[in-house]
Amino acid sequence: GILNEVLKNYKPEPKIKDDQKT
Amino acid sequence: WGVIGHQTVAKIAENNLNIRAKAAVKDLLPDESLTQISSWADQVRSQPEYRYTSSWHFLNLPDGLDYNSFTQTVKGLSGDNIYTAILKCGKTLSDPSSSRAQKVEALKFMVHLVGDAHQPMHISRAEDKGGNTIQVQFNGKGTNLHSLWDGKLLDAQGLTADEMATKFNKTNPAQILQWQKDPILKWLFESYQISSKLYAEVQSGSKLSEEYYTKHLPEVQLRLEQGGIRLA
């Protein structure tokens, strides 16, 4: 399937914690 | 497809995602299901900022092409269409340099467009706008050939998308594997072959009823099922 293929190497963007925001 | 058809494709796909893809979808759409976003592309296509996507939903082709000439013709078309749009969305989703927002949008389009690729009347002639100008009567009410295939045949079943997805979830693993191996151009050619047959069956003004429904409902169900399995 197309989603199983195109998302196989998906990496979530790291979440920025509030105290790390500039 | 109409809303129910797209929801059915999305639900079948959700049931067939692997663990990685399921996690990725959850990350991209934390508060919505694929079913919920499956008609988003139709909702935005008339907005000025998305008007450029209106050609992404279909393919206009001449009659009588065999598979080889079909693939050559599709690859040689200028401008965006459902084939180039599915490729583009796939590239955005697999490209590590795409932003999260780009991926979310590509996912929403992909869910919709793979569904439309399996609606036969989306891969058809330009001159009648994919059957939209072919007026027919279905069960005594006026409609057109495109709209009949988008939703009227499905609505006549009286089932929800969840109920249909469950009903169609009987495909054996070998068949699933085969459908998922088929190239995008084959999905489109299958729709083209069906729409060619549908054109030959009806003239403008045709009165269609139970017989047409009984004959074509299994075909509608098969296209939704293939769409869902291939989208996954």
Side-chain angles (χ1 to χ4, degrees), chain A, chain B residues 9-10 12-30 34 86-104 106-111 113-115 117-118 171 176-184 187 226-232:
Chain A
I2 204 160
L3 292 179
N4 287 339
E5 177 61 28
V6 298
L7 294 171
K8 68 182 177 192
N9 295 319
Y10 178 84
K11 288 192 177 60
E13 280 182 9
K15 301 242 180 344
I16 300 171
K17 289 180 185 166
D18 279 347
D19 58 3
Q20 291 176 322
K21 283 179 186 166
T22 53
Chain B
V9 169
I12 293 170
E14 274 176 339
N15 293 342
N16 286 278
L17 289 178
N18 63 26
I19 293 171
R20 276 169 176 261
K22 207 172 273 187
V25 167
K26 183 74 189 161
D27 187 70
L28 289 168
L29 298 170
L34 292 187
I86 289 174
L87 292 180
K88 195 193 302 242
C89 291
K91 203 171 168 212
T92 303
L93 284 166
S94 59
D95 184 349
S97 67
S98 311
S99 71
R100 179 190 166 80
Q102 286 171 323
K103 285 184 178 172
V104 170
L107 177 59
K108 288 179 174 179
F109 274 114
M110 185 70 99
V111 170
L113 299 178
V114 173
H118 287 79
T171 313
I176 289 177
L177 208 60
Q178 182 53 55
W179 284 346
Q180 293 189 333
K181 275 185 190 165
D182 291 334
I184 297 167
W187 317 346
Q226 289 176 320
I229 295 291
R230 286 163 169 167
L231 171 60

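Each chain gets a letter, A, B and so on, in the order the sequences are listed, and its residues count up from 1.
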For B/S99, check side-chain hydrogen bond (donor to acceptor under 3.5 Å, both in side chains) against everything at least two apart and list the hits.
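By the side-chain hydrogen bond (donor to acceptor under 3.5 Å, both in side chains) rule, B/S99 matches B/Q102.
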Report the residues that fulfil side-chain hydrogen bond (donor to acceptor under 3.5 Å, both in side chains) with B/E14, sequence neighbours left out, ordered by chain and then residue number.
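Here the qualifying residues are B/T35.
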Among the listed options B/L93, B/I176, B/D182, B/T92, the residue most often paired with chain A at heavy-atom distances under 4.5 Å
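Heavy-atom pairs under 4.5 Å are most numerous for B/L93.
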Nearest 0.5 angstrom please: A/N9 CG to B/D95 CG, how far?
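Nearest 0.5 Å value for the CG-CG distance: 11.5 Å.
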Is there a side-chain contact between [X] and [Y], using heavy atoms and a 4.5 Å cut-off?
X      : Y     : value
B/L28  : A/Y10 : yes
B/R230 : A/I2  : no
B/N18  : A/L3  : no

Least distance between heavy atoms, A/N4 atom then B/A21 atom
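In terms of heavy atoms, the two residues are closest at OD1-CB, 3.3 Å.
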Measure across B/R20 and A/K8 and return the closest heavy-atom pair with its distance rounded to 0.1 Å.
NH1-O, 2.6 Å
Examine whether an atom of [X] lies under 4.5 Å from a heavy atom of chain A, and if so say whether it belongs to the side chain, the backbone or both; otherwise answer neither.
X      : value
B/K103 : side chain
B/I184 : side chain
B/L17  : both

